[in-house]
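This is a predicted model, so every value here is computed, not measured. Numbering of ligands and ligand atoms starts at 1, following listing order. Start at 1 with the first residue, then count along the sequence.
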Amino acid sequence: MKLLVIGSGAREHVIVSALLRDPEVESVVVAPGNAGIAALVHCMPIDVTDAKAIGELATALEVDLVVVGPEVPLMAGAANELITRGIPCFGPTREAALIEGSKAFCKEVMAQAGIATALAHVCTNVAEAGIALDTFGPPYVVKDDGLAAGKGVVVTSDRSEALAHAGNCFAVGGTVVIEEFLDGPEVSIFGISDGTTVIALQPAQDFKRVGDNDEGPNTGGMGAYSPLPWLDESVVAEVTEHVLQPMADEMKRRGTPFVGVLYAGLAMTARGIRVIEFNARFGDPETQVVLSRLVTPLGQFLYAAATGQLKDFLALEWHQGYSVNVVIAAQGYPEKPVLGASVSGLELAQTNPLVAVFHAGTELVGGELVTSGGRVLSVTAQASTLEQAREHAYAGVAQIVIAGSHFRSDIALNACGTDS
Ligand code: AMP
Ligand code: GLY
């Protein structure tokens, strides 16, 4: 099987690493990729917002499958273009990706499908926003309706800050979703969907805030671990039955079947499981910890999903133990990351066979590895206990030198000791 992978993050780096372990995968090309991915496979430049260019590249390379990593090319219609060309695509059409592209649309689909989520109001002006804020009370949750790379959400007990975020969205012509605050630990579960059948992967937890103890602004994600020792094993089946499958069924009923990753961001509240959001792709950094533990050949799995054949797919196989991922972010991330800073120590970190360093915002400039994005590296370790996986991951992080960079020191900390 020949594959083309679209994207340039640590998520794509781990996807490619997993694909290369599949004996049926002959070749992988990545567009545009990054410095870490380029050390594994051939990378080619592409504008990920240009669906036609993605289609043309896939045709020219005569690939059997395209795997689209990020949401931006999906919303730009990459899958639509590939379907027109008769090329299997793992990733939803523009119409189906709208579950991530518009939070208001997602809420409407969830309501229709009977999926439990936070009560919400869609607002188009400051007066409406003020009323919605007072309906729910603090803590306030205000979400930019459109794509915002995980950074469009403000959760605050400060009413004026909440209203100011809404005002900023309206100022650029946007709408906002204001919703009730969901209390309880968060869990990410990825459902691999072929449009009809959904197979859930093992759960992960992401750390969204930039600072230790969940302080500071939201980011794309600062670290993750999987599986979750404190989570009852029945939750995956429950989420498949009450969240993922109803979502796939409703999208199919609407004539816009969802093929790709149904990413459910969930809150384990005292009143039960509630959906915080859906994304239309693999999560980053959760994918680093989930796919690192997947034994099932990923190329064959994603091909089966892209071609409507998941019903006959055998049960997934997983490595024992735990995986922990720590993101190293550039100075100034998430507000204003400093680009062009030198990156070193990766070889040293990876002398430990339990550690893998996935690249996100890196590039080679004159032979030197430098930062080219906010999240720079994703240091992942696997071990038989969560404590050990955590120790190895942080030992890896300690070897890496990037001036001014920062990372969270409490990834998976509270979950340690809950595994037996
Ligand atoms: P989203 O982009 O919708 O995933 O939101 C980003 C993050 O904001 C989530 O992972 C949560 O940590 C937080 N968040 C979003 N919605 C809520 C909510 N209704 N209640 C509490 N926290 C929320
Ligand atoms: N880890 C959060 C996201 O991928 O949106």
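Look at D194 and K252 and you find no salt bridge, because none of the NZ, NE, NH1 or NH2 atoms lies under 4.0 Å from a carboxylate O. Note on E215 versus R209: no salt bridge recorded, every NZ/NE/NH1/NH2 to OD/OE distance being 4.0 Å or above. Residues R159 and D134 are paired through a salt bridge, judged by an N-O separation under 4.0 Å between the basic side chain and the carboxylate. The pair K103-E277 counts as a salt bridge, with a side-chain nitrogen and a carboxylate oxygen less than 4.0 angstrom apart. Between D410 and R408 there is a salt bridge, with a side-chain nitrogen of the basic residue lying less than 4.0 Å from a carboxylate oxygen of the acidic one.
Within ligand 1, the atoms closer than 4.0 Å to a non-hydrogen atom of V141 are 16 (N), 17 (C), 18 (C), 19 (N), 20 (N), numbered from 1 in the order shown. Taking every non-hydrogen atom of D206 and a distance limit under 4.0 Å, the qualifying atoms of ligand 2 come out as 1 (N), 2 (C). Of all atoms in ligand 1, numbered sequentially from 1 with element shown, those under 4.0 Å from a heavy atom of K143 are 3 (O), 15 (C), 16 (N). Close approach to R281 involves these atoms of ligand 2, each under 4.0 Å from a residue heavy atom: 3 (C), 4 (O), 5 (O). Of all atoms in ligand 2, listed by their number and element, those nearer than 4.0 Å to a heavy atom of E286 are 1 (N), 2 (C). For ligand 1, the atoms closer than 4.0 angstrom to any heavy atom of L182 are 18 (C), 19 (N), 20 (N), 21 (C). Near G283, meaning under 4.0 Å from any of its heavy atoms, are these atoms of ligand 2: 4 (O). Close contacts between ligand 2 and N279 involve ligand atoms 5 (O) [criterion: under 4.0 Å to a heavy atom]. The atoms of ligand 1 that sit less than 4.0 Å from any heavy atom of N218 are 7 (C), 8 (O). Listed by number with element, the atoms of ligand 2 under 4.0 angstrom from any heavy atom of K208 are 2 (C). Under a 4.0 Å criterion applied to the non-hydrogen atoms of F181, ligand 1 contributes the atoms 20 (N), 21 (C).
Inclusion of G220 in the set of residues having an N or O under 3.5 Å from an N or O of ligand 2 is warranted.
In this structure, N414 places its CG atom where only 12 or fewer heavy-atom neighbours from other residues, nucleotides or ligands lie under 6.0 Å away.
For the residue pair D22 / Q300, a side-chain donor-acceptor distance below 3.5 Å is found, with atom types taken as modelled. Side chains of Q382 and S323: no donor on one and acceptor on the other come within 3.5 Å.
Selection from R274, E277, R209, E179 by nearest heavy atom to atom 1 (P) of ligand 1 gives E277. The nearest non-hydrogen atom to atom 11 (C) of ligand 1, considering only E100, K208, E186, K103, comes from E186.
Between D284 and A10 the shortest heavy-atom distance is OD2-N, 4.0 Å.
The proximity of E180 to ligand 1, defined as any non-hydrogen pair under 4.0 Å, is limited to the backbone. Contact annotation: for Y263 versus ligand 2, heavy atoms closer than 4.0 Å belong to the side chain alone.
In this structure, G221 has no heavy atom closer than 4.0 Å to ligand 2. Not a single heavy atom of R11 sits closer than 4.0 Å to an atom of ligand 2.
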Open item on the list: For a side chain to side chain donor-acceptor pair (under 3.5 Å) check, start with the C-alpha distance between T219 and K208, then their side-chain angles and the critical distance, and finish with the verdict.
Closed with: CA-CA 5 Å; T219 67; K208 290 255 168 67; over 6 Å; no
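Checked against the 6.0 Å centroid threshold, F181 and Y140 do not count as a close aromatic pair.
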